[in-house]
Amino acid sequence: MDSGSRKQFEVLVVGGGPAGIAAAVSAAEHGAQVGIVDDNLNLGGQIWRGDARYRVPESAAWEERLQRAGVTVLPGMRVFHQPGARMLLAERDGATRELSYGKLILATGARERFLAFPGWTLPDVMGAGGLQAMVKSGLPIRGKRVVVAGTGPLLLAVAAYLHKHGAEIPVICEQASWGRLAGFAAGLIGSPAKIAQALQLKRDLSEIPLSANSWPVAAHGSERVESVTVVRGGKLETITCDYLACGFHLVPNTELAILLGCTTRSGYVSVDENQQTSVADVYCAGEPTGIAGIDGSLVEGQIAGLSASGRAVEAKALLSERQKTRRFAARMERAFRLRQELKGLPDAETVICRCEDVRYSRLQQCGSWRAAKLHTRCGMGPCQGRVCGPATQFLFGWTPESVRPPIFPARVESLACIPGGAKPQT
Amino acid sequence: MPSEITIRINGVDVSVLQGTTVAVAMTASGDACRRSVSGEPRGALCGMGICFECRAVINGCPHVRSCQILCEPGMDVRTDG
């Protein structure tokens, strides 16, 4: 490895979404020498993806501060291993980079939870956030018919976005009940910013029917999705569509934290009031500590950045704000809890693990995640269980065990850097 | 307005706007991104580099997550990797 492929930072931030940007800015504005690494081509994470092009004020202001504070930005770089103390290995353009740090802030965000139902593997059945990301990356959507389904506030935001860009949305199917949704909406009282957002969203969605107690039961098509059957108010209905945008709220990306030995609880990374994890000098902020949305990410990112740069007093001033975002996270979790009926969606032939084409009937014969891996190769493909893990957790109550390097498939040359020789994945 | 560029998907020229990812070019052109181990057609799912369903052979390099790669003029994309 030549010296150009080694970089050293006082504070290194992994993840360039709102939490990571806020963390990097807060640390760098107080004099720390900071680097921020992200596997996407641009910073902004999922929520601010493509916003630079549209000059969304909030993200633009943060990214401007990032530049002014002199943060080193390392995009398109994927962290896959920790070979030794205070050091990470990352890959960019097929080359391995070594990133050393004094303090590390994990801001690895969340991904959508996907649940299996017949036909969900057809092309053009995508995540709700997935389809939005594709449209932000150039997918023409004007005049396309998109059924939006699943659960969580993301569905509404995505539907509004797609509608604004010319898509026809015949329906949004939300699995939560009206009662749960109303309780969630009522919980917004006391946070005026959220009410303003909700009212704006309501205006944006005024032409789109929203069905509660509704969910997809099957997608149909041969080479791609052509229609979807949904349960709506207890009745089955088949709707033709060009895309099905379907996600069931979010699950945190905790693989790197677990690899580093950070303690987790109920699937989330445990942190103290400084966002410090159980591992010395490793902090965690945003969705991996609890799905709290952008406000939670921004406040936790700031606390982590301030704490990591020795500004504990300033960090403390943000604690009451953090309490609010944590309460919001708890309300979201209650409102969008998955209903038991969704466990009945897959039939015997439904693929659960998309990498290895492991079908539901085969997994029913297994008693644990480990047994499923051993006997069916479930979770052993390139996504390493990131998609089927949360699905099998819901279906069978399985919890994935330890994480092993590389946490993403890496090139053979990169794997040579792992002592003990992890096996390359294909 | 971004300019148009041409890439090749399985030997067929496809025009896209600059700034488009390869996964989007494949989806818009109507091709599946890949065949699964049992031969099913698959396309992009997560759009953010997690699921690997959009992986393709790009300029001869296999298993590339096409949702994280921007189209470049003359790029060669194959879905049979």
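Just so it is clear: chains get the letters A, B, ... in the order the sequence lines come, proteins before strands, and each one is counted from 1. Treat the numbers as computed from the prediction; the structure is a model and nothing was measured.
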Say you draw a straight line from [atom1] of [X] to [atom2] of [Y]; how long is it, rounded to the nearest 0.5 Å?
X: A:Leu139; Y: B:Cys67; atom1: CG; atom2: SG; answer: 12.5 Å
X: B:Met48; Y: A:Gln132; atom1: CE; atom2: CD; answer: 11.5 Å
X: A:Asn253; Y: B:Ile50; atom1: CG; atom2: CD1; answer: 4.5 Å
X: A:Asn42; Y: B:Leu70; atom1: CG; atom2: CG; answer: 7.5 Å
X: B:Arg42; Y: A:Cys355; atom1: CZ; atom2: SG; answer: 8.5 Å
X: B:Leu45; Y: A:Leu131; atom1: CG; atom2: CG; answer: 11.0 Å

(request) For the residue pair A:Pro382 and B:His63, establish whether any side-chain heavy-atom pair is separated by less than 4.5 Å. (result)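 No - every pair of side-chain heavy atoms lies 4.5 Å or more apart.
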(message) Between B:Phe52 and A:Pro409, is there a side-chain heavy-atom distance shorter than 4.5 Å?
(response)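 Side-chain contact under 4.5 Å: yes.
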Kindly give the heavy-atom pair with the smallest separation between [X] and [Y], and that separation in Å.
X: A:Ser137; Y: B:Val24; answer: O-CG2, 3.7 Å
X: B:Pro41; Y: A:Ser222; answer: CG-O, 4.0 Å
X: A:Ala133; Y: B:Gly47; answer: CB-O, 3.6 Å
X: A:Pro123; Y: B:Gly43; answer: CG-N, 3.8 Å

If we define contacts as heavy-atom pairs under 4.5 Å, which of [options] has the most with chain B?
options: A:Arg78, A:Met126, A:Arg111; answer: A:Arg78
options: A:Asn40, A:Asp39, A:Thr121; answer: A:Thr121
options: A:Arg224, A:Arg386, A:Glu112; answer: A:Arg224
options: A:Val387, A:Leu41, A:Leu122, A:Asp124; answer: A:Leu41

(message) Is B:Cys54 in contact with chain A via its backbone, its side chain, both, or neither, using a 4.5 Å heavy-atom distance?
(response)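 Nothing of B:Cys54, per the 4.5 Å heavy-atom cut-off to chain A.
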Proximal component of [X], with respect to chain B [non-hydrogen, under 4.5 Å]:
X: A:Val125; value: backbone
X: A:Glu223; value: both
X: A:Arg359; value: side chain

(request) For B:Arg8, look at atom CZ and say whether over 12 heavy atoms of other residues, nucleotides or ligands are found less than 6.0 Å away. (result)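 At most 12 heavy atoms, drawn from other residues, nucleotides or ligands, come within 6.0 Å of this atom.
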(message) Under a 4.5 Å cutoff for heavy-atom pairs, which residue among B:Ala32, B:Cys71, B:Ala25, B:Ala44 has the most contacts with chain A?
(response)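 Answer, by heavy-atom pair count under 4.5 Å with chain A: B:Ala44.
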